[in-house]
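Throughout, protein chains are lettered first and strands after them, A, B, ... in sequence-line order, and every chain is numbered starting at 1.
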Protein chains: 2
Amino acid sequence: MKEKLSELKDYIKNIDHVEQAVALVYWDMRTTAPKKALEQRGELLAYLSAEAYKLKTSDAAKELIEYFGPLMGKLDLVDKAMVEKFKKNYDEVKKIPQDRFREFMLATAKSEVAWEEAKEKSDYEIFKPHLKKIIDFKKEFIEYKGYNENKYDALLDDFEEGITVSKLDNVFSELRDAIVDLLDRIKASDIKINTEFMKDNYSKKEQDKFGRFVLGIMGYDFEAGRLDESVHPFTLNIGNKDVRLTTHYYENDLKSALFSTIHEGGHGIYEQNIPDELLGTGLAAGASMGIHESQSRFYENILGRSTDFWTYLYPYAQDSFPGLKNIRFNDFYKAINFVEPSLIRTEADELTYSLHIIIRYEIEKDLINDKITVDDLPKVWAEKYKEYLGVEPSSDSEGVLQDMHWSDGSFGYFPSYALGNLYGAQMLNKLKSDVPNIYEELQKGNMKPIYEWLKDNVHRYGAIYKPAELIYKVTGEELTAKYFIDYLREKYSRIYEL
Amino acid sequence: MKEKLSELKDYIKNIDHVEQAVALVYWDMRTTAPKKALEQRGELLAYLSAEAYKLKTSDAAKELIEYFGPLMGKLDLVDKAMVEKFKKNYDEVKKIPQDRFREFMLATAKSEVAWEEAKEKSDYEIFKPHLKKIIDFKKEFIEYKGYNENKYDALLDDFEEGITVSKLDNVFSELRDAIVDLLDRIKASDIKINTEFMKDNYSKKEQDKFGRFVLGIMGYDFEAGRLDESVHPFTLNIGNKDVRLTTHYYENDLKSALFSTIHEGGHGIYEQNIPDELLGTGLAAGASMGIHESQSRFYENILGRSTDFWTYLYPYAQDSFPGLKNIRFNDFYKAINFVEPSLIRTEADELTYSLHIIIRYEIEKDLINDKITVDDLPKVWAEKYKEYLGVEPSSDSEGVLQDMHWSDGSFGYFPSYALGNLYGAQMLNKLKSDVPNIYEELQKGNMKPIYEWLKDNVHRYGAIYKPAELIYKVTGEELTAKYFIDYLREKYSRIYEL
């Protein structure tokens, strides 16, 4: 069996190698490759993806899975998780007929182009037929995969294994009601927050320098990573020793790059802390998209928008940016926590962000379960934004066309963002009781206790545990909206004197 | 047959894809990847190289070759060259037993490390046993491959198909004698050339800016390429739409980066001008290492160290670099053409450079033919440097250890550099008669006629023709040292008033 285990690991390493090549090509396309290279690079990506597909679905893979079938009880924790994950990958890919998958890929390629055009022209009708096709494919794939209670569960499972509609309906409705209530009280508050100075002139060079300074304090390792610029910020890793972040600078906006850098830094630290022992097991990754988002949002919001974090950093920020010279600490703190119901998810504040997610969750669920159709989408979108946030899009581009996720078929992905908020607050609660002096240390610019706690309790397990197992192991509790709601209430009551 | 041709092209495209991934990983390692990534990246490179090997030696490859065997007469020029090249690759790789090749790769990995240590400690004894092993492998591989007259021919063939010792002995001895004669007369000349100002302070930023300006004038396409910095300058392409140059800046030396940028630019323009029609034929590349060097050296020396080139550029250079403000044009021109016999190949001037190559050629040939052994190497090296250049190394690191080529087994490669000089001068002769006003245009900063001539006569053929065929096709003459010798005599007689 030992021999077979090492055979399996070698096999997984081969898949890792192909995927590392894909990751590097992708990173390069987004940051570095010259313009005219992109078409040929698309062909290279298609070739490498096909190679990965072959490896994942080969007879050799099947034989390995069959060999371990009756032996699962004899495997230790990591080996068992490795085989299970390998099998899950195999099953998922294999269950979809290869020609249907190819047709789906072609459909998404067209759909992405249509979405771009539709967004530019702010015309949902251009995108609608493509979206319908994508949803039909998704429904078809759900049937191949199977599900227990709700069709949408099969899609959630792609990104957050084990999470279901019945669980999410509970936590999300509790969260939604709490946020809507808080938002109503904030709207009624007399507190006026000035954010004008955040739109002053902030040089790209200084933003970059300050971003690197902050990442260094967070514990991000520049010898095992980079920070570059791209159109949209992202984190991508090529193994655990090469974790690359990108951000995007706007010279008339300090907030955007600063918080996206901190956000991506949270993802990056997670990947850098994946232990070497997990390399080649298929488990050298985050536990799920939601857990990954918990790390990025923990750094971005829970730490990055806290008074304690800025107690240390604000003098440095004032040194770096003339625009902050005459701004009092408290005004800066309020400006980075200013709440304003808005139409665009990616520009939303910490409080209202989850409402944008919940709206998308409710819509996706209803689309997949045929409770609404693509024809209803703009109307339903507008109604929900009106109901939860009190705003209404005046065009499709600031409404239903704003995100690209649906154009490539990433249904089931959005909930991860809100789950990240919930997990993060649960972790904060546990962290505070494990390390009572974290805020004092944070005020001194010492983030090491937090870094170590996350590493020891979350990062070092990679993808050994399913997200529900991990959050229970870390906090002793199942997924709950309670801590995040408490956190929001406490924070915004203070800021808006509710 | 049409079907089989397209099958072969698809097959070659797959090999290209793997090699493109290798190229990107390699470029990234040399320019971008964080420090800690390098070890894992080595594993990725090994995986991808093994995949390329598999594709090149598969049964499918064999079947394709066998299919076309009896049909070669029916193929057109390009298809025939494609099949021949594919077969040559297959034969060469297949003839070496796989386990011997693997052992050779392991030996070179160790040898490269030993060479680095030996060079650092300037101790040839550290490298010697490894070098012996590498040479033994090379001799063994020569037997697998076969040869007609001289064992060393088999190695020359790896880099310059069709070139032989008997041809090289002729042209190189003629070249050597001519250069040695010129050098003796230069040494006796009263002309004193000041090069001190070239070692002034030249900011990296300005050097980079000026280098890009020059590349632009040369016709290098930045939308299909990049310029970055690396320890040693190189050119690497990932298809013809993504051709990346690197250089290395020294702030106390204007010459180094400037001429290496122009040199790499010559390689880069060649690759960018490979026509799309050759993609996926295995012929979308330079005709040989020597032809490639002819392009880089043409731009670097024949154009880049000419009065005409600088007539246009020098005012811009003076604007860019304060160190040139008070330097007269003629003094600058002489400084970039200053001749000084030296110990280090990569720092050699245009005239003496070929002597460094000829020394290496003579030594490689004698090593492979057992006329000398690794024990004799430092002595032979010193004697030849004394005889041809009049200088003697005071240490191994400035003697036999200076180049890394032997540590990775690249025997047969060095001659390409000198062949490039010869080919380049032959092309110049033809170019001057085809386009009589090139010097006038060059003086006006118009390099387009040269760019177009090289594109039409050299670049567009990719690797369709063997180097000997190509040089004959372009110039109507076979390889000869005549034009390069004439060029050197004319140029240096003028500069040194001989």
Side-chain angles (χ1 to χ4, degrees), chain A residues 10-29 31-52 54-55 220-228 237-245 268 271-272 274 276 279-280 284, chain B residues 10-29 31-52 54-55 220-228 237-245 268 271-272 274 276 279-280 284:
Chain A
D10 285 344
Y11 198 86
I12 293 174
K13 262 186 199 160
N14 287 347
I15 299 176
D16 284 351
H17 283 136
V18 178
E19 291 186 336
Q20 284 174 5
V22 168
L24 180 59
V25 171
Y26 185 88
W27 177 87
D28 186 76
M29 283 173 83
T31 60
T32 306
K35 200 174 140 187
K36 292 181 184 168
L38 297 182
E39 197 185 318
Q40 284 179 11
R41 213 49 42 81
E43 291 172 26
L44 175 55
L45 270 185
Y47 172 78
L48 292 169
S49 305
E51 287 304 297
K54 271 188 220 161
L55 285 171
Y220 178 76
D221 180 356
F222 277 98
E223 289 195 352
R226 299 179 50 87
L227 173 65
D228 294 273
N237 63 304
I238 312 162
N240 61 348
K241 302 282 188 291
D242 190 352
V243 181
R244 305 182 182 194
L245 320 179
E271 292 292 342
Q272 287 183 336
I274 300 291
D276 289 348
L279 298 174
Chain B
D10 284 345
Y11 198 87
I12 293 174
K13 262 186 200 162
N14 287 346
I15 299 175
D16 284 352
H17 283 136
V18 178
E19 290 184 339
Q20 284 174 5
V22 168
L24 180 60
V25 172
Y26 185 87
W27 177 86
D28 185 77
M29 283 174 83
T31 60
T32 308
K35 202 173 137 185
K36 291 181 183 168
L38 298 183
E39 199 184 318
Q40 285 179 11
R41 212 50 42 80
E43 290 172 28
L44 175 55
L45 271 184
Y47 172 79
L48 292 169
S49 305
E51 287 304 298
K54 269 189 224 162
L55 286 171
Y220 178 77
D221 180 356
F222 278 98
E223 287 195 355
R226 299 179 49 89
L227 172 66
D228 294 275
N237 64 303
I238 312 161
N240 61 349
K241 301 282 188 293
D242 189 352
V243 182
R244 304 182 182 195
L245 320 178
E271 292 292 343
Q272 287 183 337
I274 300 291
D276 288 349
L279 297 176

For A/Ala224 and B/Pro34 the tightest heavy-atom approach is C-CG, 3.7 Å

For A/Ala33 and B/Arg244, the nearest pair of non-hydrogen atoms, with its separation, is CA-NH2, 3.5 Å

Taken in chain and number order and not counting sequence neighbours, the residues that satisfy side-chain contact (heavy atoms from CB on, under 4.5 Å) with A/Asn240 are A/Ile274, A/Asp276, A/Leu279, B/Gln40

Okay, B/Asp16 and chain A: the region with an atom under 4.5 Å from a heavy atom over there is neither

Bottom line for B/Glu39: the part with an atom under 4.5 Å from chain A's heavy atoms is neither

When rounded to the nearest 0.5 angstrom, what distance separates [atom1] in [X] from [atom2] in [Y]?
{"X": "A/Leu24", "Y": "B/Met29", "atom1": "CG", "atom2": "CE", "value": "11.0 Å"}
{"X": "B/His17", "Y": "A/Leu45", "atom1": "NE2", "atom2": "CG", "value": "9.5 Å"}
{"X": "A/Asp10", "Y": "B/Tyr47", "atom1": "CG", "atom2": "OH", "value": "11.5 Å"}

Greatest number of non-hydrogen atom pairs under 4.5 angstrom with chain A, of B/Ala50, B/Ala21, B/Gly225, falls to B/Gly225

Turns out that what part of A/Asp228 lies under 4.5 Å from chain B's heavy atoms comes down to neither

The salt bridge (Lys or Arg N to Asp or Glu O under 4.0 Å) partners of B/Arg41 (sequence neighbours excluded) come to A/Asp242, B/Asp28

Most contact-rich option vs chain B, by heavy-atom pairs under 4.5 angstrom, among A/Gln20, A/Lys13, A/Lys35, is A/Lys35

Of the listed A/Thr32, A/Val243, A/Leu48, the one with the largest count of heavy-atom pairs under 4.5 Å with chain B is A/Thr32

